[in-house]
2 protein chains.
Amino acid sequence: MGRRTQRYSKQREAVFNAVKSTDSHPSAEDVYESVRREIPNISLGTVYRNLSRLADSGKISTLELPDEVTRYDGNTSDHLHGICQECGRVVDVELSVHQNLHDYLSGISNFHVSRYSLTLHGLCRDCLN
Amino acid sequence: MGRRTQRYSKQREAVFNAVKSTDSHPSAEDVYESVRREIPNISLGTVYRNLSRLADSGKISTLELPDEVTRYDGNTSDHLHGICQECGRVVDVELSVHQNLHDYLSGISNFHVSRYSLTLHGLCRDCLN
DNA sequence: CTATTTGCAAACGCTTTGCCTGATT
DNA sequence: AATCAGGCAAAGCGTTTGCAAATAG
C-alpha cells in the first residue's frame with residue numbers, strides 16, 4: 001500500500017488542465033481529444049492512467065452517473081449533477097437542497113445511510129426555453 | 001418501430017421467474033446461473049435478450065446503480081435501493097422519504113427536474129450489528 | 001542511476017449482434 | 001408455412017494492463 005511518489009509529466013499536467021478548464025464534465029475520450037491538440041502523440045491509456053491518479057489524489061473527481069460513460073469533474077466540491085434529456089449535457093446543480101438531504105435520509109429505518117449518489121434528469125436552463 | 005409480437009418461450013418464462021422470485025436484484029450472470037439449473041444449455045445471450053425484452057415491456061425493471069454491473073428487479077414499483085458497503089448486497093429501502101423528495105427537488109433553480117436517480121450507500125440491517 | 005511514466009497493443013469484463021437452426025403460432 | 005426465439009461465437013465498447021523504451025529526479 002502507500003502511494004508511490006509522483007513525478008511530474010507534461011501529459012499529466014495537460015490532462016489535469018483539460019479537466020480543470022471546463023465545466024462540461026468530460027469523459028476520458030473527450031479529455032483525449034482535447035489534450036491531443038497540445039500533445040498529438042499522447043495515448044489514450046496515458047489519459048486513463050492520469051485521470052485515475054488525479055482522482056485518487058483528490059485533484060479531480062469522478063462522476064457517478066448511472067448508465068453513462070465515466071466523466072470527470074475539475075470541481076471537487078460536493079455538488080449535484082443534472083443530465084439534460086434534451087441536449088445530453090451534464091450540468092452542475094445549485095444545491096441548497098443537497099445540504100438538507102442527508103438529514104432527510106436518516107429517517108430511513110432499514111438502512112444506515114453513510115452517503116448517497118443523486119443524479120437528476122430533466123431540462124437544463126437552455127433547453128427549458 | 002412498433003413492437004413485434006412476442007411468442008412464448010420456456011427460456012423467457014424461466015428468466016422472468018428467476019428475477020421475480022428473489023429480492024436480491026440479480027445481475028444477468030446471476031440469472032444465468034440460476035436458470036441454468038433448470039435449462040442447462042440456455043445461453044447467456046438469450047438471458048440478456050430476455051432481460052431486455054422483459055424490461056422493455058415493463059415486466060421487470062433495470063437498476064440504475066452507479067459503477068455497478070446492471071442488475072434487475074422483479075419489483076417494478078417505484079422504490080429506492082441501498083448498496084451495503086459491508087456485504088455488497090443491494091437492498092430495497094423503505095421510502096417514505098422518496099415520496100416527498102420530488103417536491104423537495106423542485107426548489108432547484110437552474111435545472112428542471114423530471115425524475116431523479118438516487119442510490120444510497122451505507123450499511124444494511126444485518127451488517128449494522 | 002533508479003524509479004516512474006509513456007506509447008503501444010493486447011486483454012478485459014460486460015453486453016450486444018449476426019447467423020443459422022429450432023420452436024411457436 | 002411464416003416468423004419469432006434460441007444457441008453459439010464473434011464483435012463491440014469503455015477501460016485496464018504488460019512491456020520495453022523514454023524521462024524525471
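Below, chains carry the letters A, B, ... as their sequence lines are ordered, and counting in each starts from 1. On a predicted model such as this, the values are computed, not experimentally measured, just so you know.
- For A:R49, counting side-chain heavy atoms from C-beta on, the closest listed nucleotide (D:dC19, D:dG7, C:dT15) is D:dC19.
- For the pair A:N50 and C:dT6, the criterion of a side-chain N or O lying under 4.0 Å from OP1 or OP2 is met.
- Using a cut-off of 4.0 Å between Lys/Arg side-chain N and Asp/Glu carboxylate O, B:R71 and B:E64 are scored as not salt-bridged.
- For A:R7, the side-chain atoms get nearest to C:dT4 when compared with the rest of D:dA5, C:dT4, C:dT16.
- For the OP1/OP2 pair of C:dT4 and a distance below 4.0 Å, the side-chain nitrogens and oxygens of A:R53 include no atom meeting the criterion.
- The side chain of B:S9 lies closest to D:dG6 when the candidates are D:dC4, D:dG6, D:dT16.
- In the set C:dT16, D:dA24, D:dT15, the nucleotide with an atom closest to the side chain of B:S52 is C:dT16.
- Using a 4.0 Å cut-off, some side-chain N or O of B:Q11 falls inside it from OP1 or OP2 of D:dG7.
- Near DNA chain C, meaning a heavy atom under 4.0 Å from it, residues 81-91 of chain B has no residue at all.
- In this structure, the CD atom of B:E13 is 16 Å from the C1' atom of D:dG6, given to the nearest Å.
- Separating the OH atom of B:Y48 from the P atom of D:dC8 is a distance of 17 Å, rounded to the nearest angstrom.
- Atom CG in B:L44 sits about 10 Å away from atom P in C:dT16, given to the nearest Å.
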